Amino acid sequence: MKIFLDSANLTEIREAKAWGAIDGVTTNPTLVAKEGREFFPLLKEICGVVQGPVSMETTCRDAEGMIREGRVFAALDPHIVVKCPLTKEGLRATRQLTNEQIRVNVTLCFSASQALLAAKAGACFVSPFVGRLDDISGDGMGLIRDIKAIYANYAFSTQILVASVRHPMHVVEAAKLGADIATMPFAVLDALVTHPLTAAGLDRFLQDWERLPASAKTWKTAEPSARDTR
Ligand code: E4P
């Protein structure tokens, strides 16, 4: 499963990229507004760091407006994926932009029927929001299971991008169900790495190592051999 970072913050994106952990980034108007920076240079910089798909959301309700914005976004950088909402107008825009070879991520998906229509419209990605469904006592991961079954039945190529991820178990469940991608905030990515037994185990190993006399650790000051420096 691919992992995307759901963030427009360059510090977070650079850090996650340095871990070798992320394959792409998703943004939305809320995340971009938080940065308080000019939109286009920020997105261009994010693309330069990520070198993978970067979703950028259209900011209007009508298909014509989405198509207009989508063309401008796509011209900004080859990594840009245009995000359109899962509305009738959003589907119209998706079909048109897809016809123009512009990749679309259909966002704000909350039902399997919506996901079916996103695939019919030619979406490259569909983003079901599992956390927001769970927030209202829905079954976020059940939705992923349904979409997965429907797409498999008809061999749709639209990739399932699990969004609105709130905690590590959403990521684990998404991977068990065979979702193509999960996008998550930096805090969730960080929580994926962290385990108290790893921290305690490392503390113990390093304390035990300290008991070994310095004379037994001469390798620390040794010159690297020719082979080591190659
Ligand atoms: C995905 O593309 C969205 O930006 C995001 O996952 C929404 O998550 P939220 O429900 O935590 O705002």
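Just so you know, ligand 1 is whichever comes first in the structure, and atom 1 is the first atom listed for that ligand. Residue indices begin at 1 and follow the sequence shown. Quick caveat, the model's predicted, so the values are computed rather than measured.
The pair Arg61-Glu89 does not count as a salt bridge, with every side-chain nitrogen at least 4.0 angstrom from each carboxylate oxygen. Using a cutoff of 4.0 Å between basic side-chain nitrogens and carboxylate oxygens, Lys83 and Glu69 are not scored as salt-bridged. Using a cutoff of 4.0 Å between basic side-chain nitrogens and carboxylate oxygens, Arg211 and Asp208 are scored as salt-bridged. Salt bridge Lys44/Glu38: absent, no basic N to carboxylate O contact under 4.0 Å.
Residue Arg132 approaches ligand 1 through these ligand atoms, each under 4.0 Å from one of its heavy atoms: 7 (C), 9 (P), 10 (O), 12 (O). Heavy-atom proximity to Asn28, at under 4.0 Å, picks out these atoms of ligand 1: 3 (C), 4 (O). Atoms of ligand 1 found under 4.0 Å from any heavy atom of Thr26, numbered from 1 in the order shown, are 2 (O). Proximity to Ala163 (heavy-atom distance under 4.0 Å) selects the following atoms of ligand 1: 1 (C), 6 (O).
Nearest protein heavy-atom neighbour of atom 5 (C) of ligand 1: Asp6 OD2, 2.8 Å. Protein heavy atom at the shortest distance from atom 7 (C) of ligand 1 is Phe129 CE2, 3.6 Å. Nearest to atom 11 (O) of ligand 1 among the protein's heavy atoms is Arg166 NH1, 2.8 Å.
Residues that satisfy the salt bridge (Lys or Arg N to Asp or Glu O under 4.0 Å) test with Glu15, not counting sequence neighbours, are absent from this structure.
Proximity of Arg68 to Thr58: side-chain heavy atoms (C-beta onward) are nowhere separated by under 4.5 Å.
Legend: ring-ring contact (aromatic ring centres under 6.0 Å, His included) pairs involving residues 172-216, not counting sequence neighbours, sorted by first then second residue: Trp19-Phe186.
Residue contacts with ligand 1 leave out Met184, since none of its heavy atoms falls under 4.0 Å from the ligand. Ligand 1 has no atom lying under 4.0 Å from any heavy atom of Thr107. Contact between Lys83 and ligand 1 is present, with at least one heavy atom of the residue lying under 4.0 Å from the ligand.
If you chain together hydrophobic residues whose side chains sit under 4.5 Å apart, Val130 and Val188 fall into the same group.
Evaluated by nearest non-hydrogen atom to atom 8 (O) of ligand 1, the leading choice among Ser164, Ser7, Pro29, Pro128 is Ser164.
Residue contacts with ligand 1: Ser127 is placed with no nitrogen or oxygen under 3.5 Å of a nitrogen or oxygen of the ligand (distance criterion only).
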